[in-house]
Amino acid sequence: MNKPTPLSGFPEFLPSQRTVEREVIATLSRTFELHGFGNIETRAVEPMDQLLRKGDTSKEVYVLRRLQEDDSSRDKGMGLHFDLTVPFARYVLENAGKLEFPFRRYQIQKVWRGERPQEGRFREFAQADIDIVGRDTLPFHHDVEVARVMLEALGKLTFLPGFTLQVNNRKLIQGFYAGLGAPDVEETMRLIDKLDKMPADEVGKLLVSEAGLTDEQAAKCLELATITATDDSFVEKVRALGVESELLEEGLTELATLITATAPLNTDSVRVVADLSIARGLDYYTGTVFETRLDGYETLGSICSGGRYDALASDGKTTYPGVGISLGVSRVLVPLVQKGVLDGDRKVPSTVLVAVADEESRAEADSAAQQLRAHNVACEVSPNAAKFGKQIRFAERRGIPYVLFTTEGGYEIKDIRTGDQVPADPATWTPQNESDLKPQVVANNEEKK
């Protein structure tokens with residue numbers, strides 16, 4: 001095989017880097033399960049008519065076809081899923097008779113999106129989703145719950161930079177635009193969603209030319225989008241703009257409830273902010289909407305987003321409303337790992353290298369290794385019987401913290417980080433520091449700066 005050409009947009013981790021990803025996934029999974037979310041995994045492909053139903057995604061879907069496919073193939077019309085929400089909606093419809101509602105699920109899985117690769121945006125990447133889905137109705141308190149659960153999960157990822165969870169409500173902004181007399185509410189909302197990519201004055205011109213607003217109406221929409229608050233003070237700021245509608249008031253009440261309920265979870269590293277510029281581009285959101293920025297890496301865009309959807313899944317008789325939020329695991333980790341901000345402290349999972357005095361004693365070394373593994377101490381046997389100094393350097397290069405030697409009286413183990421060496425019985429030995437039992441995530445604070 002010739003030297004392969006790298007494919008952009010399909011990130012791969014080295015073993016030590018994979019330690020970071022595995023720790024993030026394990027922490028998220030533990031937190032989600034503590035809150036009663038069950039794990040599912042959906043198939044990688046969905047029918048094209050389902051993938052193209054919601055939002056402007058036609059340019060992003062990877063079509064699946066066999067090399068020798070003909071027009072009559074049963075595989076025709078399938079594509080790789082571009083998110084986990086559309087497959088989840090299909091999953092709920094197919095399994096509704098077997099599920100208990102409200103159904104709480106988490107899903108950590110790869111998705112594929114045919115967009116131009118750039119920092120934080122990939123063609124294959126991992127997402128972590130939580131959703132709560134009801135049958136016909138779903139109380140608003142579940143919107144608060146998914147926000148609290150994701151905030152708790154993010155707060156446990158202490159080796160990552162901080163997060164700001166930005167929250168808005170589509171009822172609030174739709175009600176405002178309607179009360180203002182906007183001729184095309186959906187187009188107005190779509191253009192306001194461009195504020196994180198375009199200057200406000202350019203968005204203002206588009207509101208006039210493409211959404212049909214007057215200059216005064218466009219100015220009010222942009223003024224609404226500047227309102228932010230960490231408490232419910234945003235309510236009076238909105239009312240001061242002089243726009244009234246029943247839907248606006250409903251949105252204000254819901255957003256104020258969520259901000260007040262999540263306020264106790266605010267810390268130095270995780271914050272919740274009402275941000276009335278957030279709209280979300282996909283058209284299935286109907287209420288609460290979330291976006292999240294990573295401190296110091298705001299250019300990545302939103303790394304954790306979602307919201308309320310009241311009509312994403314329906315079989316014609318029953319509607320399944322839901323609310324969910326999705327963390328872009330790869331979007332967060334790949335840039336940090338590639339910049340050297342995060343890494344694992346070992347290139348291998350081994351805690352112990354069992355030294356080999358000579359090839360004749362390799363069977364004894366293998367036996368000692370098996371005794372260590374029997375009580376969950378990961379280890380490997382030295383690949384050769386080099387001088388002990390070379391075997392220690394071999395362990396250092398791999399990040400293995402301990403080396404086990406045979407002695408006349410039995411065994412001794414050396415902590416090669418400190419130089420301490422003590423007698424040890426491989427049948428019972430474990431490190432004093434429990435964290436030595438598996439690779440740990442390390443953060444390079446200099447790189448963070």
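The analysis underlying the following values was restricted to heavy atoms, covering all of them including side chains, and did not include hydrogens, waters or symmetry mates.
- Closest approach of C379 to S350, counting heavy atoms only: C-OG, 3.9 Å.
- Crowding of K237 atom NZ: a count of heavy atoms from other residues, nucleotides or ligands under 6.0 Å exceeding 12.
- Using a cut-off of 4.0 Å between Lys/Arg side-chain N and Asp/Glu carboxylate O, R239 and E249 are scored as salt-bridged.
- With F176 as the fixed residue, the side chain to side chain contact (heavy atoms under 4.5 Å, CB included) test singles out one of L241, V185, T188: L241.
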Inset, instruction - Could you please spell out the steps behind the side chain to side chain donor-acceptor pair (under 3.5 Å) verdict for E23 and T19? - result: CA-CA 6 Å; E23 182 59 30; T19 294; over 6 Å; no
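- Shortest non-hydrogen contact noted between F394 and E380 is CE2-OE1, 4.2 Å.
- In this structure, S245 and G175 approach most closely via the heavy-atom pair OG-O, 3.0 Å.
- For Q440 (side chain) and K438 (main-chain N/O), a donor-acceptor pair under 3.5 Å exists by modelled atom type.
- Remark: side-chain polar atoms of R170 are paired, donor with acceptor, to backbone N or O of A279 under 3.5 angstrom.
- Separation of atoms CG (L157) and OG1 (T31) is listed at 7.5 Å; rounding is to 0.5 Å.
- Counting only N and O atoms by type, the side chains of E41 and Q109 include no donor and acceptor under 3.5 Å apart.
- Other residues, nucleotides and ligands place more than 12 heavy atoms under 6.0 Å from the CZ atom of R135.
- A distance-only check finds a donor-acceptor pair linking the side chain of S302 to the backbone of T292 [under 3.5 Å].
- Contact check for R398 versus L353: no side-chain heavy atoms found under the 4.5 Å cut-off.
- Distance alone, capped at 3.5 Å, is enough to place a donor-acceptor pair between the R331 side chain and the G120 backbone.
- Minimum heavy-atom separation, W429 to A424: CD1-CB, 3.8 Å.
- In this structure, V243 and Y177 have side chains that are not in contact, with every pair of non-hydrogen atoms separated by 4.5 Å or more.
- Proximity of T286 to R308: side-chain heavy atoms (C-beta onward) are separated by under 4.5 Å at one or more points.
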Inset, instruction - Applying side chain to side chain contact (heavy atoms under 4.5 Å, CB included), run through V354 and L372 and close with a yes or a no. - result: CA-CA 10 Å; V354 180; L372 287 165; 4.1 Å; yes
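- The closest donor-acceptor contact from the side chain of H81 to the backbone of K110 lies under 3.5 Å.
- Residues L28 and V329 meet the side-chain proximity criterion, which asks for heavy atoms closer than 4.5 Å.
- Atoms CG and CG, from L247 and L252 in turn, are 10.0 Å apart once rounded to the nearest 0.5 Å.
- Side-chain atoms of Q338 never come within 3.5 Å of backbone atoms of L336 as a donor-acceptor pair (strictly under, hydrogens ignored).
- Looking at L154 and M150, their side chains come closer than 4.5 Å, going by heavy atoms from C-beta outward.
- The backbone N or O of V348 lies less than 3.5 Å from no partner atom in the side chain of R346, so there is not a single donor-acceptor pair.
- Aromatic ring pairs are classed by plane angle as parallel below 30°, tilted from 30° to 60° and perpendicular above 60°; the pair F88 and Y91 is parallel.
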Inset, instruction - Kindly indicate, with the supporting measurements, whether the criterion side chain to side chain donor-acceptor pair (under 3.5 Å) is fulfilled by R148 and T262. - result: CA-CA 6 Å; R148 291 177 62 90; T262 55; over 6 Å; no
Legend entry - Worked check of side chain to side chain contact (heavy atoms under 4.5 Å, CB included) between Q127 and T85: CA-CA 11 Å; Q127 286 190 185; T85 304; over 6 Å; no
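- In this structure, the side chains of L255 and N168 come closer than 4.5 Å at one or more pairs of heavy atoms.
- Between F290 and L258, the closest side-chain pair of non-hydrogen atoms falls below 4.5 Å.
- By the 4.0 Å N-to-carboxylate-O rule, E152 lies close enough to K156 to be salt-bridged with it.
- Heavy atoms from other residues, nucleotides or ligands lying under 6.0 Å from CD of E246 number 12 at most.
- The shortest distance between side-chain heavy atoms of R393 and E396 falls below 4.5 Å.
- Of the possible donor and acceptor atoms, one in the side chain of T226 sits under 3.5 Å from a partner among the backbone N and O of E223.
- Under the 4.0 Å criterion applied to side-chain N and carboxylate O atoms, R190 and E187 are assigned as salt-bridge partners.
- Within the 3.5 Å criterion, the main-chain N or O of V272 finds a donor-acceptor partner in the side chain of N266.
- Q166 and R293 make their closest contact through OE1-NE, 3.0 Å (heavy atoms, listed as atom of the first residue, atom of the second, distance).
- The number of heavy atoms from other shown groups lying within 6.0 Å of CD (E244) does not exceed 12.
- E202 places no side-chain N or O within 3.5 Å of a backbone atom of P199 that could act as its donor or acceptor partner.
- Using a 4.0 Å cut-off between charged side-chain N and carboxylate O, R417 and D436 make a salt bridge.
- Distance CD1/I132 to CZ/R105: 11.0 Å, rounded to 0.5 Å.
- For the residue pair D343 and Q17, the shortest heavy atom distance occurs at OD1-N, 3.5 Å.
- Side chains of E33 and Y106: a donor on one and an acceptor on the other come within 3.5 Å.
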